[in-house]
Amino acid sequence: MSQPNMTKILVVPASEFDRLGRFQGFHPDADRYLSVLLKAETASFRPRFAMEEDPSFKQIIPYVIFRSGDQVFCYTRGKTQGEARLHARLSIGVGGHVDEADAEGRATFEAYEIALRRELDEEVCLTCEGTLTTVGLINDDSTPVGSVHLGVVHVMDLERPELSAREEGLADARFVTLSELEADKDRLESWSRIAIENLFPKN
């Protein structure tokens, strides 16, 4: 596996995101953005170390939420997770960067889909059937991490709450109710808070 500082990751110009309509928080129409952003003439692979501090580009990140009935999968981000600025934060999203090796460096939607499956295979072990749905985008320019990332949010509805973490960076992994997450909301990373507020509103 490549060292993080040597890896090239998929990014899109922030100016193109602005042209399509920059938003803060959650947007349900992922297709309208991705149909433009994830094209070879728009997206490119650039060194990760440079992109982490450059808000003129947005890194495209798959963010998968696992749900079973009234429970969602959550974990605490450990030190082996790539983004050091999120360590010790509680998260309900699994995913990561689209690497140049995905789809042999073709900066397309195909590369994104391959990276999505790769990240899931690397990070979790599924032992039951589930249905994956793309539900929207998350953008949070209020934090240094968020200013350089754009999350593509997917929800996988599982038949049963049977999922385990493969990576030690997904610490204390478990299924919890939304009420339990609400009680621990101060520890949630911003993307998880945004997802919960928009996808699982209180009754």
Side-chain angles (χ1 to χ4, degrees), residues 10 12 23 25-39 43 58-77 81-82 86 89-99 102-103 106 108-140 149-167 169-182 184-185 188-203:
L10 186 70
V12 298
F23 60 90
F26 182 80
H27 196 295
D29 193 357
D31 288 345
R32 185 173 77 83
Y33 286 82
L34 298 182
S35 63
V36 176
L37 296 177
L38 292 182
K39 287 186 175 180
K58 283 284 191 179
Q59 303 164 41
I60 303 296
I61 307 291
Y63 196 74
V64 182
I65 298 167
F66 295 94
R67 175 174 60 187
S68 181
D70 64 349
Q71 295 183 302
V72 294
F73 181 75
C74 79
Y75 64 94
T76 301
R77 289 189 181 272
Q81 285 273 290
L86 296 179
R89 287 290 186 179
L90 197 64
S91 176
I92 64 168
V94 173
H97 295 87
V98 180
D99 292 342
D102 295 316
R106 294 190 296 275
T108 61
F109 191 75
E110 179 188 10
Y112 173 83
E113 289 191 314
I114 291 172
L116 168 62
R117 297 295 177 179
R118 171 182 56 76
E119 286 287 344
L120 293 184
D121 288 343
E122 290 175 354
E123 296 195 7
V124 297
C125 178
L126 271 170
T127 55
C128 69
E129 294 297 317
T131 302
L132 186 67
T133 305
T134 305
V135 295
L137 300 177
I138 284 179
N139 182 60
D140 180 16
H149 294 88
L150 181 64
V152 185
V153 187
H154 308 267
V155 172
M156 180 173 278
D157 283 299
L158 303 177
E159 293 179 353
R160 299 178 301 279
E162 296 178 4
L163 180 72
S164 58
R166 292 187 190 274
E167 286 192 357
L170 278 66
D172 193 24
R174 65 202 188 280
F175 278 87
V176 298
T177 65
L178 292 173
S179 297
E180 290 175 281
L181 282 175
E182 178 67 22
D184 217 2
K185 64 181 179 181
L188 285 167
E189 65 186 18
S190 68
W191 280 15
S192 290
R193 288 198 304 271
I194 291 169
I196 290 169
E197 290 168 0
N198 288 273
L199 299 176
F200 313 116
K202 296 178 183 178
N203 292 326

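Keep in mind that this is a model prediction, so the values were computed, not measured.
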Check your understanding: Gly96 and Pro62: which non-hydrogen atoms are nearest, and at how many Å?
Key -> O-CD, 2.8 Å
Exercise for review: Enter the distance from Met156:CE to Ile65:CD1 here, rounded to the nearest 0.5 Å.
Suggested key: 12.0 Å
Point to revise | Interatomic spacing from CD in Glu113 to CG in Asp102 - rounded to 0.5 Å | key: 12.0 Å
Review point. Any sub-3.5 Å donor-acceptor pair from Ser192's side-chain atoms to Ile92's backbone N or O?
Key: yes
Exercise for review: Step through the shown structure and confirm whether more than 12 heavy atoms of other residues, nucleotides or ligands are within 6.0 Å of CZ on Arg160.
Suggested key: yes
Check your understanding: Quick one: are Val153 and Asn198 in side-chain contact, heavy atoms under 4.5 Å?
Key -> no
Check your understanding: Hey, does the side chain of Glu197 reach the backbone of Ile194 with a donor-acceptor pair shorter than 3.5 angstrom?
Key -> no
Check your understanding: Nearest 0.5 Å, what's the SG-CG distance between Cys74 and Leu170?
Key -> 10.0 Å
Exercise for review: Determine yes or no for a side-chain-to-main-chain donor-acceptor pair under 3.5 angstrom, with Arg166 supplying the side chain and Asp121 the backbone.
Suggested key: yes
Practice item. Might you work through the side chain to side chain contact (heavy atoms under 4.5 Å, CB included) test for Leu37 and Leu150, ending with a clear yes or no? Key: CA-CA 11 Å; Leu37 296 177; Leu150 181 64; 4.0 Å; yes
Check your understanding: For Phe109 and Leu34, which heavy atoms make the closest approach, and how far apart are they?
Key -> CE1-CD1, 4.2 Å
Check your understanding: Are Phe66 and Val124 close enough that some pair of their side-chain heavy atoms sits under 4.5 Å apart?
Key -> yes
Exercise for review: For atom CD of Glu129, decide whether the heavy atoms of other residues, nucleotides or ligands shown that lie under 6.0 angstrom number more than 12.
Suggested key: no
Check your understanding: Is any side-chain heavy atom of Leu90 less than 4.5 Å from a side-chain heavy atom of Leu181?
Key -> yes
Check your understanding: Shortest non-hydrogen contact from Val36 to Arg32?
Key -> CG2-O, 3.8 Å
Point to revise | Shortest non-hydrogen contact between Leu188 and Arg193, atoms and distance | key: O-NH1, 2.6 Å
Point to revise | Backbone N/O of Gly93 and side chain of Tyr75: donor-acceptor pair under 3.5 Å | key: yes
Study note, to complete from the structure: So OG1 of Thr131 and CD of Glu159: to nearest 0.5 Å the spacing works out to 8.0 Å
**Study point:** Non-hydrogen atoms of Glu167 and Glu122 that approach each other most closely
**Key:** CG-O, 3.6 Å
Review point. Under a 4.5 Å cut-off applied to non-hydrogen side-chain atoms, are Leu158 and Leu126 in contact?
Key: yes
Review point. Quick one: are Val152 and Leu137 in side-chain contact, heavy atoms under 4.5 Å?
Key: yes
Exercise for review: Could you walk me through whether Leu132 and Arg117 pass the side chain to side chain contact (heavy atoms under 4.5 Å, CB included) test, one step at a time?
Suggested key: CA-CA 11 Å; Leu132 186 67; Arg117 297 295 177 179; 3.9 Å; yes
Point to revise | Candidate pair Thr177 and Glu180, rule side chain to side chain donor-acceptor pair (under 3.5 Å), full reasoning | key: CA-CA 5 Å; Thr177 65; Glu180 290 175 281; 3.2 Å; yes
Study note, to complete from the structure: Here the gap from Asp157 atom CG to Ser68 atom OG, rounded to the nearest 0.5 Å, amounts to 8.5 Å
**Study point:** Where Tyr63 and Ser91 come nearest, the two heavy atoms and their spacing
**Key:** OH-OG, 3.5 Å
Point to revise | Heavy-atom check, side chain of Thr76 versus side chain of Arg89, under 4.5 Å | key: no
Check your understanding: Could you give the distance from NE2 (His149) to CH2 (Trp191), rounded to the nearest 0.5 Å?
Key -> 6.5 Å
Point to revise | Residue pair Asp70 / Leu178, side-chain heavy-atom distance below 4.5 Å | key: no
Exercise for review: Would you please test Gln71 and Arg174 for side chain to side chain contact (heavy atoms under 4.5 Å, CB included) and show each step?
Suggested key: CA-CA 10 Å; Gln71 295 183 302; Arg174 65 202 188 280; over 6 Å; no
Exercise for review: Determine whether His27 and Asn139 make a side-chain contact, defined as any pair of heavy atoms from C-beta on separated by less than 4.5 Å.
Suggested key: no
Practice item. Evaluate the side chain to side chain contact (heavy atoms under 4.5 Å, CB included) criterion for residues Asp99 and Arg118: first the C-alpha distance (whole Å), next the side-chain angles of each, then the deciding distance (0.1 Å), finally the verdict. Key: CA-CA 10 Å; Asp99 292 342; Arg118 171 182 56 76; 3.7 Å; yes
